[in-house]
Amino acid sequence: MTAPDPHDLDAAVDALYTQPLDRFIAARDAAARQAADGGDKLGAERVKRLPKPSVAAWVINHVVRERPDDVAALTAVGDELRAATQDRDRARIKALDHLRRERTEALVGAVRDAGEVDGRPVSAAVLDRLTETLTAAVMDADAGAAVRAGRLSRGLQHAGFGVVDEEGEEADLVALRPEARETGAAEAVAEQAPEPAEPATADAAERAVEETSAQVDALEALRDDVADRLRAADSAVGQAQDDVTRLDEELTRLTAERDAARGTLDETRVAADEARADLTAVEQDLDEAEEQAAQARRRRRAARGR
């Protein structure tokens, strides 16, 4: 019987991570059946146990496959950083850290500007996971190799003491790397795979994995949606607060103007009352003067008639 070709299995595994996220489980099960039909039961077991990537990991794998040279250039900065750190070259470390930030932002910014990956919208939370994973790929050589392989099931974080996945669990970076390309898939599986479980137990465990993976995916999508709504609400609150502050200032100004206008109105009313009283007095004086003038004219006519 011809021995299974480990490179065929590795290619099949690699192809799984190019699939749309919602097709991963079906494609994985089909690849496992194909390996089993070809006589590679150990390889089939390995494929069957591959977890479905999280949304963030799927996006990261896609970016790696779309821009492998840019990702390789970014992780190469990590090698230089480690060398500069060993040499205690502070100027070099500072320059390389700036370069790391630039290259990371170039990759993340491209996804942010596109707003989607392969037709799937990308949330701010996923962009954060992408940034964290690329940073881990620079800071840790094994993480860099795992990221470049494009087979992540979870995003990575560099936690100072090592690399953890996006759920805070210690990341098995060796298992994430495509070792079949170097040592053969069969050897890698033999070294990494646990003892086969009883069929019934394995099937039940597989169903549990799929169910919990689906639940995790659903909750991740819900979390991203809630996070987006929270950011929108926070933005709306900030805008409303700005409006309230602006209107309070406007109200204060208008209240001051109103009070000043009222003061002016009171003053003009007093002035109008005084002017009205003066006018009445003048009119009375005018009436008296006109009466006196009429009397004078009558006396003058009477004097001329004598």
Side-chain angles (χ1 to χ4, degrees), residues 9-32 45-68 71 75 107-108 111 114 116-137 140 142-158 163-181 185 188-189 192-193 205-225 227:
L9 178 62
D10 192 61
V13 170
D14 204 49
L16 290 178
Y17 294 90
T18 68
Q19 296 287 331
L21 188 57
D22 55 1
R23 298 180 189 172
F24 182 89
I25 297 296
R28 180 200 64 190
D29 292 348
E45 182 68 21
R46 174 196 175 200
V47 173
K48 187 67 174 176
R49 293 184 180 185
L50 291 173
K52 179 181 178 181
S54 66
V55 175
W58 180 82
V59 168
I60 295 161
N61 293 336
H62 186 91
V63 170
V64 168
R65 293 170 188 277
E66 287 291 315
R67 303 180 63 173
V71 173
T75 57
L107 288 164
V108 177
V111 178
E116 54 85 24
V117 169
D118 199 23
R120 190 184 191 97
V122 178
S123 68
V126 169
L127 289 173
D128 289 343
R129 300 292 86 75
L130 174 58
T131 301
E132 291 171 353
T133 300
L134 292 175
T135 299
D140 186 277
D142 285 337
V147 169
R148 289 196 305 273
R151 297 181 178 185
L152 296 181
S153 60
R154 294 290 182 269
L156 302 178
Q157 293 177 312
H158 187 262
V163 175
V164 298
D165 65 22
E166 61 190 84
E167 296 175 350
E169 299 294 332
E170 185 177 356
D172 186 358
L173 298 177
V174 175
L176 290 173
R177 296 171 64 176
E179 297 193 9
R181 293 177 180 173
V189 172
Q192 297 171 16
E206 180 59 31
R207 285 194 299 272
V209 168
E210 292 183 3
E211 291 173 0
T212 55
S213 295
Q215 184 180 18
V216 167
D217 289 343
L219 290 174
E220 282 183 340
L222 179 60
R223 177 198 63 190
D224 293 345
D225 178 65

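- With contacts defined as side-chain heavy-atom distances shorter than 4.5 Å, the pair D14/R65 qualifies.
- Between E132 and R129 there is a salt bridge, since a side-chain N of the basic residue sits under 4.0 Å from a carboxylate O of the acidic one.
- You'll find the side chain of L9 reaches within 4.5 Å of the side chain of R46, heavy atoms only.
- Between atom NZ of residue K52 and atom CZ of residue F24 there is a gap of 9.0 Å, rounded to the nearest 0.5 Å.
- Between atom CG of residue L156 and atom CG of residue D140 there is a gap of 9.0 Å, rounded to the nearest 0.5 Å.
- Side chain of S54 to main chain of R154: no donor-acceptor pair is present (N/O by atom type, distance under 3.5 Å, no hydrogens or angles).
- A donor-acceptor distance shorter than 3.5 angstrom exists from the side chain of T131 to the backbone of L127, with no hydrogens or angles considered.
- Annotation: salt bridge (charged side-chain N to carboxylate O under 4.0 Å, His left out) contacts of R23 (sequence neighbours excluded): none.
- Considering only heavy atoms from C-beta on, P53 comes within 4.5 Å of L21 through its side chain.
- Under a 3.5 Å cut-off, the side chain of R28 and the backbone N or O of L50 do form a donor-acceptor pair.
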*When you look at V147 and T75, which way does the side chain to side chain contact (heavy atoms under 4.5 Å, CB included) test go after all the steps?*
CA-CA 9 Å; V147 169; T75 57; 5.5 Å; no
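- Taken to the nearest 0.5 Å, the CD1 atom of I60 stands 3.0 Å off from the OG1 atom of T133.
- For D118, the side chain to side chain contact (heavy atoms under 4.5 Å, CB included) partners at least two apart in sequence or on another chain are W58, H62.
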*Take V47 and L16 through the side chain to side chain contact (heavy atoms under 4.5 Å, CB included) test and state the conclusion after the steps.*
CA-CA 10 Å; V47 173; L16 290 178; 4.2 Å; yes
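- When atom types are taken as modelled, the side chain of N61 and the backbone of A57 share a donor-acceptor pair closer than 3.5 angstrom.
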*Before giving the answer on side chain to side chain contact (heavy atoms under 4.5 Å, CB included), spell out for R120 and V55 the whole-Å C-alpha distance, their side-chain angles and the decisive distance to 0.1 Å.*
CA-CA 9 Å; R120 190 184 191 97; V55 175; 3.8 Å; yes
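- The two residues A27 and Q19 have their closest heavy-atom pair at CB-CG, 3.9 Å.
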